[in-house]
Amino acid sequence: MTEEDSGRSRNDRGKRGATGRANAEGDVLLEVEDLHKYYFERDTLTDRLLRREARSVQAVDGVSLAIHRGETLGLVGESGCGKSTTGETLLRLREATDGGVYFEGESVFDLAGEDLMAFRRRAGIVFQDPYSSLDPRMTVGQLVAEPLSVHGEPADAENTKEARRERVDELLERVGLSHSQRDRYPHEFSGGQRQRVGIARALALEPDFLVLDEPVSALDVSVQAQILNLLADLQVEFDLTYLFIAHDLSVVRHLCDRVAVMYLGEIIERGPTDELFEEPRHPYTQALLESVPRARSDERERAIDPLAGDVPSPRDPPSGCRFRTRCPAVIPPDDLEIAQEGYREVMDLRERLESGDVDAERARELLAGDGGGAAGEGTTGSDRSNGSDESEHGDRRGRRRASAVGEEARLREDVFEADLAGENRAVVAEALNSLADGERAEAISILRERFESVCERTPPVLQDGPHPAACHLYDQPTERRGADRTERSAGDD
Amino acid sequence: MLEDRAGSEDAPDGSGADTTTADPILEVRNLSTQFFTAEGQVNAVESVSFDVYDGEIFGIVGESGSGKSVTALSILDLVESPGRVTAGEIWYRNPDLADDMRDSHPEAVEGEYVDTRRVPTGVRRSLRGPTFSMIFQDPMSSFNPSITVGEQLAEAIEVQRRARANPRSTRSRTQGYGLGRFLTDSLLPSRSYVSAESRERATGLLDQVGIPDSAERAAEYPNQFSGGMLQRAMVAQALAGEPDVLIADEPTTALDVTIQAQILDLLADLQDEEDMSVIMITHDLGVIARMCDRVGVMYAGEIAERGSLTDVFDRPVHPYTEGLLESIPDPDDPAPRLQPIEGNVPSLIDSEMGNRCYFADRCPKAMDECVAEKPAEVDTAGSAEHRVRCVLAEREYDPTRALSGTEEDREREASADD
Amino acid sequence: MALGRFVLKRALQGIVVVWGVVTVVFGLRFITPGNPISVIAPLDASPETRQAIARELGLNDPLYVQYLDYLLGLLQGDMGYSYISNTQASAQVFARLPATLELAVVATIVAVVISIPLGVLSATRRNEPADYGATLFSLAGISTPNFWLGIMLVLVFAVQLEIFKTSGRGPGFVSALSMLVTQGSAAGLLSWLSYITLPALALGTYFTALITRLTRSGMLDELGSAYVKAVRAKGLPETLVRYKHALRNTLVPVITVLGLQLGTLIGGAVITEAVFDWPGLGTLVITSITARDWPILQGSLVVIGVGFVLINIAVDTLYAYVNPQVVYE
Amino acid sequence: MISPRTLGNLRREFRSSALAKLGVLIVVVVVGVAVLAPMFAPHDPTTQNLDRSQLPPVGFSTTTNSTSTEMVNGSLEVINETNEINATLTYPLGTDSLGRGMLSRVIYGARTSLLVGLLGTILAAVVGVSVGLVAGYYRGRVDDTLMRSADVMLAFPSLVLAIALVGLWGRAAWRVPDPLVVAGITPEMPASFVLPGTVIVVVGLVNWVWFARVARGEALSVREQSYVKAARSVGASNSFIIRRHILPNSATPILVLGTIQVAAIILLESALSFLGFSGTTLSWGFDIARGRDYLASSWWISTVPGIAIVLSVIGINLLGDWLRDALDPGIGGEGGSGGA
């Protein structure tokens with residue numbers, strides 16, 4: 001993978017004046033605007049010679065956030081959703097592909113020289129892995145002193161070395177270590193203690209803002225609680241603003257003021273913590289919350305309906321709503337009579353068909369032998385009773401069946417778990433029949449014509465307001481759909 | 001049922017006072033596993049005993065270094081150098097095997113039970129698959145990256161098929177597979193250890209664990225699978241020998257929470273369908289609560305507390321169990337502050353362990369007697385199975401007897417044990 | 001499909017490397033003191049004669065013209081004419097190639113056949129006498145200069161025991177084989193063996209030792225990996241664990257290193273040829289350097305470089321065929 | 001830069017491994033002998049003494065057939081004389097065809113081998129590590145270019161390239177005064193020592209690729225470590241990061257490779273001097289080549305220096321194995337590129 005920054009538009013960046021959005025709300029410390037981070041694969045010389053298109057991985061795709069002074073904003077999502085990339089990109093540890101980040105109104109991506117160093121001083125990061133985040137060849141004292149030596153601090157002291165050591169000792173004591181441990185190496189510490197060292201290092205330059213990138217994920221629960229308490233104490237003591245990145249919802253609820261939920265590179269819901277946890281709006285957030293097993297003896301009585309399937313690849317994210325391939329509440333067309341379970345299964349089948357997992361051979365397996373015409377008549381019959389605009393629709397379909405297939409195809413009984421009958425079933429059978437005949441494109445379009453959901457046509461956007469969810473179940477603006485997907489921080493709270 | 005058998009030689013003949021109607025399928029007694037490292041002898045598992053009943057899910061919960069995974073590996077005899085199972089018995093109920101072994105190895109047989117530690121190595125290994133099988137934490141590293149998933153599953157089926165065809169001989173499972181076979185197999189795909197029948201069954205198993213288009217997926221390599229799908233495949237592989245006891249070692253730790261829910265569902269369903277016993281090993285109390293009937297809490301190589309789910313979760317006696325439960329943030333309840341257990345997990349180096357309660361250094365309720373002698377495992381006021389290795393089971397915490405100089409001790413401990 | 005792409009990609013990379021090789025070979029003459037004219041011209045040649053030679057060789061042309069001429073010539077199989085014998089350089093080089101190939105191939109086969117089983121044995125019998133023996137052998141093998149080993153072999157088997165031939169190539173494998181087929185006589189083959197045994201041993205020992213070491217450490221790594229634990233947990237017998245699972249993955253690094261070490265094999269062949277007067281490319285390279293016979297030297301180097309690239313592509317392809325997973329890296 | 005844990009690992013592995021001890025012992029002896037060559041060598045290794053030529057090593061005896069043609073009674077007659085020659089303690093390892101003591105030559109040869117091995121390795125390491133770290137750290141086009149040129153280098157067998165370069169560039173050598181002789185400790189020994197300059201440069205140049213590959217691989221993995229990101233997050237510059245984090249954390253495998261490379265370069269040097277492409281005659285390979293002509297009569301002339309090579313290289317390889325096992329840098333045996 002190579003990082004790519006040529007596609008970036010820098011035109012509208014620059015210092016934001018009092019009229020800028022960021023300052024409309026006085027206490028916004030850091031604002032992320034429409035951040036994109038793509039990775040490009042297959043970009044070597046030989047790939048170009050072979051004329052292979054560079055393939056992009058859309059790690060972060062249009063994320064907007066505003067982080068207010070003194071708050072903790074949680075950024076949750078499962079692995080690969082782009083939450084850590086967001087954290088690192090907004091600190092300019094990775095080159096963004098597009099979008100902007102504004103720290104107190106100043107465009108971070110345009111900083112250079114002294115200004116950049118000043119930003120580095122004020123914004124820091126704590127990493128997840130307490131093993132790889134500390135250089136094994138440096139003592140704890142050297143590690144904590146590193147930011148000081150990079151910035152030549154403390155500059156005004158008579159004896160820099162001495163002053164630096166005092167500062168290191170002070171930091172170590174503050175995070176709960178002893179200054180006598182200064183000359184030890186990281187491997188002599190336990191995971192929790194290492195994480196304390198990482199925190200001390202992040203505090204060395206007295207920052208205002210810290211990205212906490214899964215700081216407790218690698219720790220045992222008993223130690224995790226120690227670190228969470230420490231972070232909470234430090235926030236109060238040093239007046240810190242946190243961006244807390246996590247996959248563990250329990251921890252997020254415990255520490256954060258507001259939460260943003262990410263899925264496949266996008267923020268799909270955002271809101272105040274309690275509200276989001278008590279009334280999650282996006283089906284993904286709901287499923288995520290539901291999936292966390294509770295450590296209570298009555299946990300087994302709690303009904304869970306786990307999300308099916310896997311997160312799709314960010315190389316080729318689904319059209320429209322990215323969650324639609326797993327969504328238990330995917331929206332059928334207005335004119336289609338179908339139960340949710342059946343619709344979900346049809347959509348899954350379509351997905352597999354379009355990705356090629358279901359091929360002609362597989363389609364033949366799914367079709368029951370030689371069905372004969374009786375079944376066809378049966379289904380068309382029942383179709384009459386529930387089809388809403390069957391007159392034209394059904395007839396056209398009937399004609400096509402007669403001409404292209406000749407013989408009525410029937411689905412095997414166990415293709416669908418849910419009850420799927422009538423015209424819906426017949427259309428699926430027809431599509432599979434086309435596929436069995438080698439007409440892939442035909443099969444895809446037959447299904448799309450009948451079952452295409454708004455969720456696959458149009459990407460939902462986050463509405464304004466304190467608790468928006470990017471989902472077609474909630475009022476989506478009809479005008480600015482897809483045009484301007486940046487959030488308005490003014491209406492944020 | 002669970003008397004303290006430490007020091008007692010009584011055989012697991014099922015005559016003990018039972019609270020359950022059935023005999024356990026597995027009785028682990030005083031199991032100890034040690035690692036002989038350059039730093040010294042590490043007591044990873046120290047005298048652990050527990051029973052697993054037919055059709056139940058027994059949970060073992062503990063933090064890293066508590067010895068829970070080593071316990072699992074010890075049961076399957078998969079501990080590798082520098083580690084070794086140094087003591088203990090693993091009684092497995094199997095009348096047929098008991099009959100087979102009774103003459104040749106009378107010391108390893110007791111009624112319907114066989115001590116798998118005392119049977120010959122070949123017999124013990126032949127139990128892997130049909131008796132015990134295991135699901136590992138990280139599916140990506142637990143599959144051979146250069147062999148298709150279907151082939152690896154089919155192998156697991158094939159080895160059991162051959163064993164059934166010729167149960168007396170361990171040789172038949174191999175059928176002279178060697179370097180020559182490897183070369184011909186690599187170059188000529190048609191000649192293979194695995195039969196077409198086993199391949200077909202492998203596809204069926206993939207179907208059973210909910211992998212769509214299983215025939216196509218069977219021909220793919222592990223790196224073409226997602227983590228969740230691969231963990232499903234591993235579950236399928238573990239089912240290949242239709243085991244009596246499935247050991248799931250952190251089966252969902254490497255997975256995302258929505259995928260974890262799928263896998264836990266799958267495991268629960270399969271356990272129900274196949275009527276297996278499951279030993280569920282995890283650090284996640286939520287997973288335990290979701291899955292298990294009974295649970296043992298491990299700390300520093302010992303089972304600190306055990307009992308039914310309600311015993312342990314609602315009436316914990318051991319301060320470690322209490323602390324663990326209080327350290328977890330609850331997604332349904334924004335508690336303002338967590339109550340962590342102070343300090344760090346102790347090292348398990350033999351020379352530093354001493355005859356005392358291993359938790360005393362971190363224990364908020366440690367008293368003088370805690371460091372005087374190692375507390376025995378005793379009954380509690382809870383259900384009959386609720387047992388705990390703590391002095392507090394028999395007396396109230398008495399602040400006047402609090403461990404003297406605890407604060408300084410802890411500080412010293414904290415800087416010394418790293 | 002994927003395999004074809006993979007091969008195509010490797011071939012394209014190979015072409016880039018070959019171009020680099022040719023460029024370096026061409027450039028070599030310009031970073032070397034001395035003038036080719038003095039090699040060709042008699043010591044007492046007149047300035048006019050020297051001029052004529054320079055013109056004939058194109059030495060007065062600008063550098064890029066010489067470079068393009070050389071490239072174009074190579075593409076047509078023209079490596080120029082030997083400064084010494086004034087015969088076609090390509091003819092000389094290709095006449096020597098089969099001998100070197102024969103030596104290298106025999107040594108490789110011997111090395112692979114011995115070393116992989118030995119490495120596996122060593123790893124699976126860890127800390128047993130067999131392991132110690134194999135370890136000591138491989139340690140000595142990678143530490144012994146092959147020319148010296150060759151001399152020692154000559155000393156023992158030719159000077160003292162008088163079993164094998166110590167100099168020259170004899171009939172060569174192809175003619176020995178055709179003799180066996182057409183005349184039904186094994187004499188040719190025996191004669192071939194008497195010539196090739198010692199050079200092949202001298203050249204192959206280092207590789208035998210090297211692959212033994214790699215196989216041993218690779219096997220130990222694989223046997224300690226997580227998937228092997230899982231394979232054991234499902235009840236697979238140990239032979240399958242070893243050969244079907246561990247060895248297959250052990251061969252990944254072994255093959256990678258072998259590809260990289262191919263240069264050492266060719267280098268070793270050069271010096272082995274010198275010891276046994278084997279009429280191959282190696283002796284040709286050495287004589288052409290001493291004589292400053294540029295076309296021969298350049299031609300030999302180009303052939304060696306191209307051979308290295310080709311064999312590497314072949315090895316990769318074979319490997320991708322046996323283990324298709326690498327195609328999807 | 002060497003943490004206590006590293007030292008602990010080295011000590012532990014050393015204690016538990018007999019081979020490691022053997023390796024260290026051999027290397028210490030070889031280095032000691034090489035450094036103090038004038039003190040250990042019983043004779044000047046360059047002084048010829050035809051009266052004492054082809055003496056066998058202690059414990060062996062040999063017969064020589066001296067064939068001479070003499071005019072006897074007006075006709076040419078071939079006279080065959082068979083002489084038994086016995087070893088003498090003055091020349092414990094025998095003498096060569098010119099009557100020079102093999103022991104002294106082997107001792108001085110160790111100097112050449114070690115110096116070429118060390119200096120060549122250092123040169124190769126400096127070039128290779130710089131290239132590799134830059135390529136691995138910056139990646140992208142820089143990496144592509146550098147690594148493609150490394151591939152080109154690999155396509156030339158190092159021995160062939162080395163022969164070509166030494167053969168074409170000439171065999172320049174430096175005369176370095178021997179400090180022990182200058183100080184008057186061993187005045188009877190040669191006053192200066194010949195350092196084969198071209199050879200050192202060439203073996204360094206043909207072997208840098210191995211260092212580049214390893215250093216690049218390390219840089220690629222180290223640059224992804226969080227501590228590098230942490231350094232970047234406080235504003236550390238690229239050169240700071242390469243110096244403070246990438247280089248120290250790549251050091252272990254480079255050190256192990258360096259050890260193996262010393263062995264490989266010693267083998268390469270011996271091959272070069274065997275073929276006559278060297279700047280000095282005090283070299284093991286050179287003596288082996290000389291001994292070939294006397295193989296039938298004086299086997300030891302080739303044998304003795306060969307054993308010296310094998311022993312020293314075994315010692316260095318054992319040292320490398322010890323470092324690798326103790327430090328576990330995760331590289332296989334790909335670093336060896338012994339030309340011989």
Side-chain angles (χ1 to χ4, degrees), chain C residues 13 16-18 20-21 23-25 28-29 31-34 135 139-140 142-149 151-152 154-155 159 206 210 213-214 217-218 253-254 256-257 260-271 274-275 282 285-286 289-290 292 297 300-301 304-306 308-309 312, chain D residues 19 148-149 151-170 210 213 263-264 266-268 270-271 274-277 284-285 288-289 291-292 295-296 299 302-303 305-307 309-318 321 324 332-334 336-340:
Chain C
Q13 284 173 350
V16 176
V17 174
V18 165
V21 165
T23 309
V24 169
V25 165
L28 207 55
R29 210 175 75 203
I31 53 168
T32 300
T135 305
L139 184 65
I142 60 160
S143 306
T144 306
N146 61 6
F147 60 90
W148 182 71
L149 180 65
I151 290 172
M152 291 299 109
V154 168
L155 181 63
V159 175
Y206 175 80
L210 181 72
R213 272 166 75 91
L214 289 173
S217 66
V254 169
T256 313
V257 174
L260 288 171
Q261 290 282 354
L262 213 62
T264 315
L265 180 75
I266 300 170
V270 168
I271 197 164
V275 172
V285 167
I286 292 172
I289 289 172
T290 329
R292 305 262 158 151
L297 175 62
S300 308
L301 288 179
I304 288 173
V306 170
F308 177 87
V309 171
N312 256 309
Chain D
L19 289 178
R148 214 46 79 214
S149 39
D151 282 351
V152 173
M153 285 298 295
L154 274 177
F156 295 106
S158 50
L159 177 65
V160 176
L161 195 59
I163 295 172
L165 290 178
V166 178
L168 298 170
W169 288 356
W210 303 100
R213 290 179 63 91
I266 287 178
L267 289 176
L268 184 59
S270 71
F274 173 78
L275 293 173
F277 295 98
W284 292 336
I288 293 176
R292 275 180 80 191
L295 213 51
W299 52 266
S302 279
T303 309
I307 291 173
I309 296 177
V310 174
L311 275 182
S312 336
V313 174
I314 282 183
I316 296 169
N317 277 327
L318 284 174
D321 287 354
R324 190 195 55 210
E334 74 162 61
S337 67

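Naming: A, B, ... by sequence-line order, numbering from 1 per chain.
Residue V18(C) does not touch chain D at all, counting heavy-atom pairs closer than 4.5 Å. For a residue to count as touching a neighbouring chain, one of its non-hydrogen atoms must lie under 4.5 Å from one of that chain's; by this rule L297(C) touches chain D with the side chain only. Neither the backbone nor the side chain of L265(C) comes within contact range of chain D, judged by heavy atoms closer than 4.5 Å. V285(C) touches chain D through its side chain: at least one heavy atom from C-beta onward sits under 4.5 Å away, while N, CA, C and O do not. Heavy-atom distances place both the backbone and the side chain of V17(C) under 4.5 Å from chain D.
Judged by distance alone, the side chain of R148(D) and the main-chain N or O of Q13(C) form no donor-acceptor pair under 3.5 Å. At least one donor-acceptor pair closer than 3.5 Å links the side chain of R292(C) to the backbone N or O of L168(D). Side chain of W148(C) to main chain of I288(D): no donor-acceptor pair is present (N/O by atom type, distance under 3.5 Å, no hydrogens or angles).
Annotation for L159(D) and G267(C): closest pair CD2-O, 3.1 Å, computed over non-hydrogen atoms. Closest heavy-atom contact between I314(D) and A140(C): CD1-CA, 4.1 Å. Of all the heavy atoms in L139(C) and N317(D), the pair that sits closest is CD1-CB, 4.0 Å.
Taking the side chain as every heavy atom from C-beta outward, S270(D) and F147(C) approach each other to under 4.5 Å. Looking only at side-chain heavy atoms (C-beta outward), S158(D) and T264(C) stay at 4.5 Å or farther from each other. F156(D) places none of its side-chain heavy atoms less than 4.5 Å from the side chain of I304(C).
Per-residue heavy-atom pair counts under 4.5 Å with chain C were compared for L19(D), I266(D), I307(D), L165(D), and the maximum is reached by I307(D). Of the residues considered (A155(D), P305(D), S302(D)), A155(D) shows the highest number of contacts with chain C, using heavy-atom pairs under 4.5 Å. Taking G167(D), G276(D), G306(D), S312(D) one by one and counting their heavy-atom pairs under 4.5 Å with chain C, the maximum is reached by G306(D). Chosen from L154(D), V160(D), D151(D), the residue pairing most often with chain C at heavy-atom distances under 4.5 Å is L154(D). Options L155(C), I266(C), V270(C) differ in how many heavy-atom pairs under 4.5 Å they form with chain D, and the most are formed by L155(C). For chain C, the option among T303(D), D321(D), L275(D) with the highest count of heavy-atom pairs below 4.5 Å is T303(D).
With rounding to the nearest 0.5 Å, the separation of CZ in F277(D) from OG1 in T290(C) is 4.5 Å. Distance check, rounded to the nearest 0.5 Å: CG of L311(D) to OG of S143(C) gives 9.5 Å.
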| query | Does the side-chain contact (heavy atoms from CB on, under 4.5 Å) test come out yes or no for I151(C) and F274(D), once each step is laid out? | reply | CA-CA 11 Å; I151(C) 290 172; F274(D) 173 78; 3.5 Å; yes
